[in-house]
J.: 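Got a structure for you, questions after.
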Amino acid sequence: MSKDSKNFDLETIRHSTAHLMAQAVMQLYPDTKVTIGPVIADGFYYDFFREKPFVPDDLEKIEARMRELAKQNLEIVRQEIPREDALKKFDEMGENFKCEIINDIDSSEAISVYTQGEFSDLCRGPHVGSTGDIKAFKLLHTSASYWRGDERNAGLQRIYGTAWHSEKELRVYLRQLEEAKKRDHRKLGKELDLFSVTDEIGPGMILWHPKGARIRGLMEDFWKSEHYKNDYEMVYSPHAAKVDLWKTSGHMDFYKDNIFSPMDIEGKEYVMKPMNCPFHIQIFQSRLRSYRDLPIRFGELGTVYRYERSGVLHGLLRVRGFTQDDAHLFCRPNQIEEELVKVLGLILFILKAFGFEEYKVYLSTQPDKFVGSQDDWETATNALKSALEKTELEYEVDPGEGVFYGPKIDIKIKDSLNRYWQVSTVQVDFNLPHRFNISYIEQDGQRQQPIMIHRALMGSLERFFGCLIEHYAGAFPLWLAPVQVILLPITDNQHSYTDELAEQLKKEGIRVEKDLRNEKIGFKIREAQLQKIPYMIALGDKEVQAKTLAVRKRRSKESRTLDLETFIEEVNTLVREKTIDCL
RNA sequence: GCCAGCGUAGCUCAGGGGUAGAGCAACUGAUUCGUAAUCAGUAGGUCGGCGGUUCAAUUCCGCCCGCUGGCUCCA
């Protein structure tokens, strides 16, 4: 008996669709072995072991077979069987991966098998009643994967798909994917002339074009002024340093493979810097510090280079050369928590200023490979936890995901496809102060080791900019827009008035451009609209005579007639207040 | 790095064993126009790179580089 698919939740439907796909695959390619097929956000995947990889044509065949099987409306039957029988069954089927899974299942748990037609799969369930309950699905793409997610294990073939209650929901979802592509920062980066990456320079190395650089400059200025307000000092450090520095810091041991190859300078090895911390430590060490000086906060927009494997590079979001909005705080032990609370506050303030109200917070704890004492790790982790609680931030624990020298808080924001990217990070570190043997003089005259907090708010300017582009689909808030106002004379007769206005707006610090081309106003509007310029000002004989402006906003078609002063006041107010949703 | 797909004009893309094509952009000219595309003309390419097969390769094959989607990784 088949129930309507509305009666099953999406997870169940997606899980059953994964089974349906596995059944189709096994029918079409009997030499394949099944492994796992979980539900993920918006869909599912199934990992298969097979010598020959799946190609796009295969997906069509599999999808067609799935539709046939759904049409046959095969009943899906759950059966609990003894462990030994299950092992025997899957062993006979040659499904050694399934046997491995069975062996890993806790002995208190029952082994259940779901069968539809000739196809049986080890599975906890639940599932829909029969294959006919699966109404709307699509296979999306393939990928290589590894058994148990470890690249030393067998390579598997993964097929991703999506499934919904109805064809209508499916269509809506697929349309959303199409829409998301339009917000892709790589596409917009080209269309709006913000940045580029060239083969000649190298993958993962970003060129910031004038308009992108304008925005970056605004991000940097805002960042710096907020940091000065919060009692940070700014420093600068070089882009390369002797390799010994990284041996002392321990980074060479942990990240050797990710550091740009050393270069030989007068017989000494140098590397491009992968981090800024040792430099800030050296500045701290440049003189004797008193407890009265602490906390000391050194900030730097520090450009670092890390070798990332070619397959992981992704536009601005994952690159090889990037600028961190870094800072290191040197504290007395009793200052950590207060500093952490302040840092979290600053993070939330900055994210909000850029319009990010939705994010995920993670507390990453001690990894398998770590340095330092258990006590220090505990103290640091507790300090982070209590700072999170004081800030009233909801967070998830990410066990074992801390850095080798300490636990951390990460904040992730999402891109147009709802993939999350880490931006902010806060780390407590007892290790580097110890390794570099830094100290300050306590009240009692004794040397004490300070504790370091590493933190970045935007993470990297490149990644943050990438997320920013997608967040606004290129229509930046007025305070960030590379061009805020474009002047559009209707004929050549208004050119001198246009020049005059441009000068006056520039004097006010407003970013203005003129479109003096011999084109119709409709064409100029269209182009300005595509460039997502917040204000378009049409200038015809009417405006010249009355000394006014015909102002059109990016998101509304109505035109308002304003005098220059009123317009300047409007722009300045929106910029000063960093209004997000104004145009 | 791994698997698959892709790489043709500035951009978006078509084509296909006999040395390349569209639209937009650019340039020139005409037009002087009121809120999302005025008209005409011109120019533009070692078809990602190297090698092989062939009388002939942009097309077929191999290797390399790059990009895309995932996997793994991300101090």
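As a basis for the values below, the full set of heavy atoms in this structure was taken, side chains included, without hydrogen atoms, waters or symmetry mates. Residue numbers begin at 1 in each chain, while the letters A, B, ... track the order of the sequences.
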J.: Is there a donor in the side chain of A:Q422 and an acceptor in the side chain of A:Y362, or the other way round, less than 3.5 Å apart?
T.: no
J.: How do A:R318 and A:G540 order along RNA chain B: which one's closest nucleotide is nearer the 5' end?
T.: A:G540
J.: Given the side-chain rings of A:H209 and A:F195, with only the six-membered ring counted for Trp, is the space between their centroids under 6.0 Å?
T.: no
J.: Pick the nucleotide of RNA chain B nearest each of A:R158 and A:V55; which residue has the one closer to the 5' end?
T.: A:V55
J.: When the C1' atoms of B:rA43 and B:rA26 are considered, how many whole Å apart are they?
T.: 9 Å
J.: Within the structure shown, what part of the strands sits under 4.0 Å from A:P203 by heavy-atom distance: base, sugar-phosphate, or nothing?
T.: sugar-phosphate
J.: Is A:E527 salt-bridged to A:K520, cutoff N-O under 4.0 Å?
T.: no
J.: Going by an N to O cut-off under 4.0 Å, is there a salt bridge joining A:K52 and A:D58?
T.: no
J.: Name the nucleic acid region contacted by A:R517, choosing base, sugar-phosphate or nothing; use a 4.0 angstrom heavy-atom cut-off, strictly under.
T.: sugar-phosphate
J.: Quick one: label A:H454 by what it contacts on the DNA or RNA (base, sugar-phosphate, nothing), any heavy atom closer than 4.0 Å.
T.: nothing
J.: Please determine if A:E178 and A:K181 form a salt bridge, counting it only when a charged side-chain N lies under 4.0 Å from a carboxylate O.
T.: yes
J.: Centre of A:F44's six-membered ring, under 6.0 Å away, within 45 degrees of the axis: is that where NZ or CZ of A:R14 sits?
T.: no
J.: Once pairs are restricted to Watson-Crick or G-U wobble with both distances under 3.5 Å, how does RNA chain B read as a dot-bracket string, [ ] for crossings and | for other-strand pairs?
T.: (((((((..((((....[..)))).(((((.......))))).....(((((..]....))))))))))))....
